[in-house]
Amino acid sequence: MTGWNIDLPGTMYLSGDSPENEKQWMVNALAGAQHIAIDTETTGLIKWKDIPLYWSVAWDNYRATLRADTLYYFTNVFADPEKDWILANAKYDMHILANVGISLLGRWNCVQVMHSLLYEDKPHKLKYICQEILGWTWADFQDTFGKIGKKQSAEDVIRKAEYSDMQLLIEYAANDAWGTKGSFWELKKQLESAYTYSLFQNIPPYIDTLWDFFSKVERPYTKVLWKMERRGILIDVPHLERSEPTARKEIIAVEKEITKLAGYNINPRSTPQLQKYFFDEQEMTPLKMTKGGKSGVRKPSVDEKFLEYHKNDSPMAGLLMTHRELSKLHGTYIIGLRDLCDPSGRVHTSFNQDVARTGRLSSSEPNLQNIPRPENDKWNLRGAFITMPGWGMVACDYSQLEMRLLAVAAAEQDMADVFNRGWDIHCGNASLMYNVPYEDVTTGKKLAKDADSMDGVELIGVAEEKSPGISQRAQASGSSLAAYLRLCSSHRSDAKNIGFGLNYGMGPKKLANDLGCTKQEAIQKIDTYKATYPAVTNFFKEAVEEARETGYSFTILGRRRNLPQILSNNRSDRAAGERLAVNTQIQGSAADVTRMAQLNIDALGLDRMYNCHMLLQIHDELVFECPQECVEDVKLEVEEMMQHPFCKDLLVPLDAEAGSGVSWGEAK
DNA sequence: TGTCCCGGCGCG
DNA sequence: AAAGCGCGCCGGGACA
């Protein structure tokens, strides 16, 4: 009757109506168990609202389904700080339990997170995990009792099941807990035997195996993320409500112009219709083709590059650019954000720990890691992330984290020195690459734009003040000061594009495209960069070799990513693997750094010290709220913690700078 | 009505 | 033939 492909023990059942001795037996049994898998059947999927109807547990060779009204008998069990709780999608169940006042101390072992450390490219849903690593399958709850959706809520389905076949409900409710328990032990075994490379093998946190990485980093991190999700961030909903009609009207106005220009009703959101307009009717030349997807039919692209390219010769292109900008902000951010707020105006994102292959977080429902930057946003959406009266927002972000970690990974002393001097990295790179004084590059960056419109004498005065001797050097190079400044400025932009690009494995063709030069010139520039930083060049080579030999790319803390394609016979697959080998190490190590900072900040107890709460992580930025009078203290604490995430310093200092204000927009 | 894929685009 | 990493969400359109 269990719907399983394996034998398993019968399911005990407990409700508030059960006899006293049965309740007592269960309380004693759970109190005596070290590891307990736990799962909830809930009224729905909204983590700040929905509540448990049933909960199920599995431990040793037992399994049980319990009605939600029994939760309070187990207060002492939940309060045991030494318990190991085992869950699938741990944060969700913990939210649901918190909604009825239940909090579980002890360790939160999420099997999805465990699975993601070993099988980055596979799905991490419980059913898949069980099938894949244990060969266990069982009948699906929803297939048996009805689909949860718009027509019927999770609660409806469970109520129906209670009525139609209570015994089956009891069995099925405990299936997930049983599968969770089984996969935990198998995954633990696999993690313990998975040795890894870490910079912290012989110093804290002592990471030798993936189990070390899980138990010392990922497991405590789950709880930190849960606290952030639980707190949520306050949204200025009235601000959004005020912007919404205006935004909508602006979009409609642009749509009218588009219709007028086309001469017929065209939907500016429809790529097929736009392709027809531009390439069939206007007979314009495509810049590039789309990927073609499953069918493989490649069509001319109507992306931003195309519109930008034609904005002067085709009025339609300009209108569409405006339309896309407005409708993106309206649909995704104004409407999207408003609809996900709780009644108190706070929004509770999910910080997903088991998604990104590099070890980064992802954020969803809503994604708070892609809120527009102020310069691209006429509605100032970051200004809509606010604090309560008397409170302040603190935002602290790393400066050039990935670049610094590249210098660390490569042990590139010249680049490290650029950071040690506190220089702008791209100006420093340009200075070393093109053998030009650092001050000339910074001056060029500042003045190149206005050089032509400035009075010659004035220009010399300003430039000489910033970089003494610059006019002489310009003369020596045989060009005017203005031209020399533009040259220095273009050196910086070269260095910036190459610096970022090489981390991603960018080729000369794309670089040439971005810099507006020939492929030959691009190759030349890359060579100059590689010659300037031989250790970086060597690092790129060794990262690829290591991945070829071990099959993996490793981050600073020892997270690994399997890269089988690096041995592929297919050229492009192999090249992709080589790009990943480099990038995963850098991006993943940056993720490690932010993670450690978050763990340390949590352990320090800023919440108790200052009533300070971590709200957001945007890869290299952390956002907090605290009472106004604590803002300055919090800024200092956070900067210090972010700058020193490890128990030993790296070759390159990490720089993090905090700002504050009453909103996220102000705090940057 | 629901589900999937796609092109496009927001962020780091 | 084409070749930049990592995400999530929107609306359109195809299909069941």
Side-chain angles (χ1 to χ4, degrees), chain A residues 120 147-151 251 266-275 288-307 320-321 323-325 327-337 339-340 349-352 354-377 381-382 397-398 400-403 406 497-511 513-514 519 553 561 570-588 590-591 594 616-621:
Chain A
E120 321 78 67
K147 279 273 178 237
I148 297 166
K150 273 231 171 88
K151 286 193 177 157
I251 293 168
I266 187 167
N267 183 347
R269 295 174 178 82
S270 163
T271 20
Q273 288 181 38
L274 294 182
Q275 280 154 354
K288 71 170 189 196
M289 306 298 270
T290 63
K291 282 175 45 159
K294 239 182 185 170
S295 68
V297 182
R298 303 165 61 87
K299 292 182 171 152
S301 170
V302 190
D303 60 4
E304 178 154 24
K305 277 241 168 69
F306 176 85
L307 298 178
L320 283 171
M321 286 175 77
H323 185 273
R324 287 207 179 145
E325 189 184 319
S327 54
K328 178 93 184 182
L329 291 173
H330 178 260
T332 307
Y333 300 108
I334 300 181
I335 299 286
L337 208 50
D339 289 352
L340 287 168
T349 185
S350 291
F351 286 113
N352 310 305
D354 57 6
V355 173
R357 261 59 122 198
T358 53
R360 272 190 173 187
L361 292 179
S362 84
S363 161
S364 57
E365 285 184 296
N367 181 356
L368 297 185
Q369 292 179 322
N370 73 342
I371 304 298
R373 299 182 62 91
E375 58 267 31
N376 305 321
D377 171 19
L381 284 155
R382 292 194 183 202
D397 59 332
Y398 284 107
Q400 302 294 351
L401 180 55
E402 292 195 7
M403 256 345 152
L406 172 67
N497 277 294
I498 297 172
F500 277 130
L502 287 191
N503 273 358
Y504 302 145
M506 184 168 57
K509 195 174 164 188
K510 171 86 168 129
L511 181 67
N513 203 345
D514 284 3
K519 195 174 153 189
S553 178
R561 178 179 186 179
N570 180 303
R571 260 172 80 110
S572 74
D573 285 356
R574 203 166 59 237
E578 290 170 359
R579 291 196 295 273
L580 294 178
V582 172
N583 182 256
T584 299
Q585 214 174 128
I586 302 300
Q587 187 184 114
T594 309
L616 301 179
Q617 188 252 43
I618 311 96
H619 310 303
D620 62 354
E621 176 184 5

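These values consider heavy atoms only, across backbone and side chains, with no hydrogens, waters or symmetry-generated copies. Proteins come first, then strands; the chains are lettered A, B, ... in the order of their sequence lines, and each starts at number 1.
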For this session: Begin with the C-alpha distance, continue with both residues' side-chain angles, and end with the deciding distance and a verdict on salt bridge (charged side-chain N to carboxylate O under 4.0 Å, His left out) for Lys510(A) and Asp514(A).
Result: CA-CA 6 Å; Lys510(A) 171 86 168 129; Asp514(A) 284 3; 3.6 Å; yes

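Remark: nothing in residues 497-505 of chain A comes within less than 4.0 Å of DNA chain B through any heavy atom. Near-neighbour residues of DNA chain B inside residues 362-374 of chain A, defined by a heavy atom below 4.0 Å, number-ordered: Asn367(A), Gln369(A), Asn370(A), Ile371(A), Pro372(A), Arg373(A). Residues of residues 575-585 of chain A having a heavy atom closer than 4.0 Å to DNA chain C, listed by number: Arg579(A), Leu580(A), Asn583(A).
In terms of modelled atom types and a separation under 3.5 Å, the side chain of Ser553(A) and the main chain of Arg561(A) share no donor-acceptor contact. Looking only at distances, no side-chain donor or acceptor of Asn503(A) sits under 3.5 Å from a matching main-chain atom of Asn583(A). In this structure, Glu304(A) contributes its side chain and Met321(A) its backbone to no donor-acceptor pair below 3.5 Å.
Heavy atoms of Asp514(A) sit under 4.0 angstrom from at least one base atom. If you check every strand for non-hydrogen atoms under 4.0 Å, Glu402(A) touches nothing. Across all strands shown, Ser327(A) has no heavy atoms under 4.0 Å from either base or sugar-phosphate atoms. Nucleic acid contact for Arg574(A): none, since no nucleic acid atom lies under 4.0 Å from a heavy atom of the residue. Residue Arg298(A) is out of contact with every strand shown, counting any heavy-atom pair closer than 4.0 Å. Note on Lys150(A): only backbone sugar-phosphate atoms sit closer than 4.0 angstrom, heavy atoms only; bases stay farther off.
One interatomic measurement links the two molecules: CD1 of Ile251(A) to P of dC10(C), which rounds to 14 Å at whole-angstrom precision. The interatomic distance linking Asp354(A) (CG) with dG6(C) (P) rounds to 17 Å, in whole Å. Distance CG (Leu511(A)) to C1' (dC5(C)): 16 Å, rounded to an integer number of Å. Rounded to whole Å, the distance from CG on Asn352(A) to C1' on dG6(C) is 13 Å.
Using a 4.0 Å cut-off, some side-chain N or O of Arg357(A) falls inside it from OP1 or OP2 of dC7(C).
Thr594(A) places a side-chain heavy atom less than 4.5 Å from the side chain of Leu401(A). Looking at heavy atoms from C-beta onward, Leu340(A) lies out of side-chain contact with Thr349(A) at the 4.5 angstrom threshold. In this structure, Ile334(A) and Leu381(A) have side chains that are in contact, with non-hydrogen atoms separated by less than 4.5 Å. Under the 4.5 Å side-chain criterion, counting only non-hydrogen atoms from C-beta, Leu616(A) is in contact with Phe351(A). Ile618(A) places none of its side-chain heavy atoms less than 4.5 Å from the side chain of Leu368(A). Inter-residue side-chain proximity for Lys299(A) and Thr271(A) is flagged as unmet; no heavy-atom pair is nearer than 4.5 Å. In this structure the side chain of Arg324(A) reaches within 4.5 angstrom of the side chain of Val302(A), judged on heavy atoms. Side-chain contact between Asn376(A) and Leu329(A) is absent, with no heavy-atom pair separated by less than 4.5 Å.
Nucleotides of DNA chain B that come within less than 4.0 Å of any heavy atom of chain A span, from the 5' end to the 3' end, dG2(B) to dG12(B).
Here the closest heavy-atom approach between residue Asn370(A) and residue Tyr333(A) is recorded as O-OH, 2.6 Å. Of all heavy-atom pairs spanning Pro268(A) and Leu274(A), the tightest one is O-CD1, 3.6 Å. Of all the heavy atoms in Leu337(A) and Pro366(A), the pair that sits closest is CD1-CG, 3.9 Å. The two residues Arg382(A) and Pro374(A) make their nearest non-hydrogen contact at CD-CD, 4.2 Å. The minimum heavy-atom distance between Gln273(A) and Asn267(A), with the atom names listed, is OE1-N, 2.8 Å. Of all heavy-atom pairs spanning Asn367(A) and Ile371(A), the tightest one is O-CD1, 3.9 Å.
Mapped onto DNA chain C by nearest heavy atom, Lys519(A) and Arg561(A) fall at different nucleotides, with Lys519(A) at the one closer to the 5' end. If you find the closest nucleotide of DNA chain C to His619(A) and to Asn570(A), the one lying nearer the 5' end belongs to Asn570(A).
Going from the P atom of dG4(C) to that of dC5(B) covers 25 Å, rounded to whole Å. Rounded to whole Å, the P atom of dA1(C) lies 23 Å from the corresponding atom of dG8(B).
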Problem set entry | Base-contact (B) and sugar-phosphate-only (S) positions in nucleotides 11-16 of chain C, heavy-atom cut-off under 4.0 Å, - elsewhere | SSS---

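More than 12 non-hydrogen atoms from other residues, nucleotides or ligands lie less than 6.0 angstrom from CD of Gln275(A).
Secondary-structure annotation of DNA chain C gives the stems B:1-12 with C:5-16, with a stem taken as at least 3 successive Watson-Crick or G-U pairs whose two distances both fall under 3.5 Å.
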